[in-house]
S.K.: 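I'd like to ask some things about the structure below.
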Amino acid sequence: MGGTKSESKKTVAGIDENGVFRAWGNAKTKSVKAAPSTSGTFVPGTSAEQSAKNLLKAKEADPAASSGKKKVAEYTDSQVQHLDALEHIRLRSGMYIGRLGDGSNQNDGIYILIKEIIDNSVDEFIVGFGNRIDVTINDNRVTVRDYGRGIPLGKVVDCVSEINTGAKYNDDVFQFSVGMNGVGTKAVNALSSYFRVVSVRDGQCADAVFEKGKLKAQKKGKLKQEQPNGTYFEFVPDEEIFGKYSFNFEFIEKRMWNYAFLNTGLTIVLNGKEFKSENGLLDLLHSEIDSGSIYDIGSYRGEHLQFSFTHTNEYAENYFSFVNGQFTSDGGTHLNAFKEGFVRGINDFFHSSFKAEDVRAGLTAAVLVKVKDPVFESQTKNKLGNTDIRAWIVAETQSGLDDWLHKNPASAQLIQDKIRQNEKLRTDLASVKKEAKEAAKRTSLNIAKLKDCKYHLGDGKKGENSMVFITEGNSASGNINKTRDVSYQAVFSLRGKPENMYGKKPGEIYKNDELYQLMCALGVEDSVENLRYSKIVIATDADNDGFHIRNLVLTFLLGYYEELVTSGRVWILETPLFRVRNKKENIYCYSEKERDAAQKKLGKSCETTRFKGLGEIDPSEFSQFIEPGTIKLTPVEVQALKNIPPLLSFYMGKNTPERRDFIVNNLLQDIDA
């Protein structure tokens, strides 16, 4: 996926095979670990001596205690420090790009850097300049060449190094820009070990090279060899910031397709592969759900609002929402307004009063709005906060849907049938729910398997990192219970292997005591919008039984609460498989390769322990595996919605000859006893 040698030698837009801008030849001129929770339970009869020992132990857990007390320096003029803007970005990179990461997650910082540069090129296309963007990625070096107007030559250095400098503030120049804060390109510059920008405007050229945000060289001049207008960027993400990383081209290609779907008429070429869409959001939904829709995908295209939609036979709702080309993974005002307008449009057309949950059950939709002054809730722009656009989006969605329904009566009838089916399913479930709730009340008012935390998703900043660990058995949950931070970490303990829910009707959940309790613990009984935790973390043993339980939990979530997975709420807890140690050092290893490297480092006298279960790790060791600074979580991601049904059918459905052949051909040589 990274491109062949012939592709990397291909010249693009005046850049030769050595990365030199050809026209110049003729020019005239460590984070600190959080302390484990020390909260405990009152024990009647605790002696004063024991109490003092407990207090001493609690104080020893304070990370500041081990660093020693420093003498406070005199507070004078010389003590006041100033960081220039790019130094601040390097020091507080999370404020600007959200997260770092090694490239294994689609939201890792190296992908945000690519996005920030391409966003500028897309902004040029949006206002009518340049319909092609060339992107190459080879050996962690990224180049982006657009054919827009080019940065004004006298401001090239300022536009990539001075915070709050740019033309995005001038709505005569950029009316529907994604980047409004003048930060994106500067962040890329600051976080790159090498950064170059070249601007071409009407035969003139300006070129500047930076290292870690520091200007190293610049020049301007007239080009004798003609080049089309536009801007060229080249950068290498800095390993001092990101560590060892690698680009996953599946993530990058998905981003390129999103740009193409949202900007019909734009062509993006990535390492020789072309990304282009003629039908916009309609193509996006076709790529996501393939043949799973009940009726032909509907769409509406206005000047500043576009949407496409369909219903499937699934229970979940799925949305892809965008603002000015920016994917808003957490939705926001525009998505809420679309949902409201969609329900109103349905009820207007059918002269009915269908409930919102019946109208939207099984709905998959893509929504794009163009907003002149978007207000996002963070620099990474995951959620839109503008409130003044709600009434407009509700009204236009309602009218646009009504118009489409009149023009497509056969599809309208299928939508009505689907809503009636949803109504029946909901009313059938009501009695089952009532019985399940009554049974739960008879046994206990609490969820017995849940050890809850203090703050939840709805508690603002205090609950934004809340998580619930789904564990197998008392042994694993006991370790987490002893070491968790009770303010934001909860534990739900399974008895063992839950029931395989593949192909079961929703009512079956309520007849399964364990899964019903899990559903109540998550808070999603009535709606996924009531989810109580920011992260759902599956924490099972690293053996065959643990992997099977992981698959069973994922089958349950994907079958009934698919949007929890697609919205990035579900994670896997990674715990070490091995501990390699000698008298001086402990090394925890997450793979056999890491184990071998550790054994080589510590020598022949080292001791190696294989952890087969979470319960085998001593609580004194376990705390570091769930602390904020050291916890390792792998996101559960879905490349496309259409992949889910065949995947679940193959692995969790009936035993087919194909699956039996797969098991035989891929049987592990060493099976855990």
S.K.: Inspect the contact between Asp102 and Lys244 and indicate whether a charged nitrogen and a carboxylate oxygen are less than 4.0 angstrom apart.
M.R.: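 Salt bridge flag = no for Asp102 with Lys244.
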S.K.: Check the orientation of Phe622 and Phe625. Use parallel for under 30°, tilted for 30 to 60°, and perpendicular for over 60°.
M.R.: perpendicular
S.K.: Does Glu464 come within less than 4.0 Å of Lys461, counting only side-chain N to carboxylate O?
M.R.: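 Result for this pair is yes, salt bridge flagged.
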S.K.: Salt-bridged, Lys601 to Glu585, with N to O below 4.0 Å?
M.R.: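 Yes, Lys601 and Glu585 are salt-bridged.
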S.K.: Examine Tyr111 together with Phe251 and report whether their ring centres are nearer than 6.0 Å.
M.R.: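 Yes, ring centres under 6.0 Å apart.
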S.K.: Does NZ or CZ of Arg145 fall inside the cone over Tyr232's six-membered ring, less than 6.0 Å from its centre and within 45° of the axis?
M.R.: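 No, Arg145 does not lie over the aromatic ring of Tyr232.
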S.K.: Tell me whether Glu116 contacts the main-chain N or O of Ile112 through its side chain, where contact means a donor paired with an acceptor under 3.5 Å.
M.R.: no
S.K.: Would you call the rings of Tyr588 and Phe611 parallel, tilted or perpendicular if under 30° counts as parallel and over 60° as perpendicular?
M.R.: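 Aromatic pair Tyr588/Phe611 classed parallel.
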S.K.: Would you verify whether the NZ or CZ of Arg141 falls within 45 degrees of the ring axis of Tyr194 while also being under 6.0 Å from that six-membered ring's centre?
M.R.: yes
S.K.: Is it the case that the side chain of Ser193 and the backbone of Asp238 share a donor-acceptor pair, with hydrogens and angles ignored and the cut-off at 3.5 Å?
M.R.: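 No; judged by distance alone, with no hydrogens or angles, the pair does not exist.
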S.K.: May I ask you to establish whether Lys451 and Phe492 are in a cation-pi arrangement, using a distance under 6.0 Å from NZ or CZ to the six-membered ring centre and at most 45° from the ring axis?
M.R.: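 Negative - Lys451 is either too far from the ring of Phe492 or too far off its axis.
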S.K.: Below 4.0 angstrom, N of the basic side chain to O of the carboxylate: do Glu253 and Lys273 qualify?
M.R.: yes
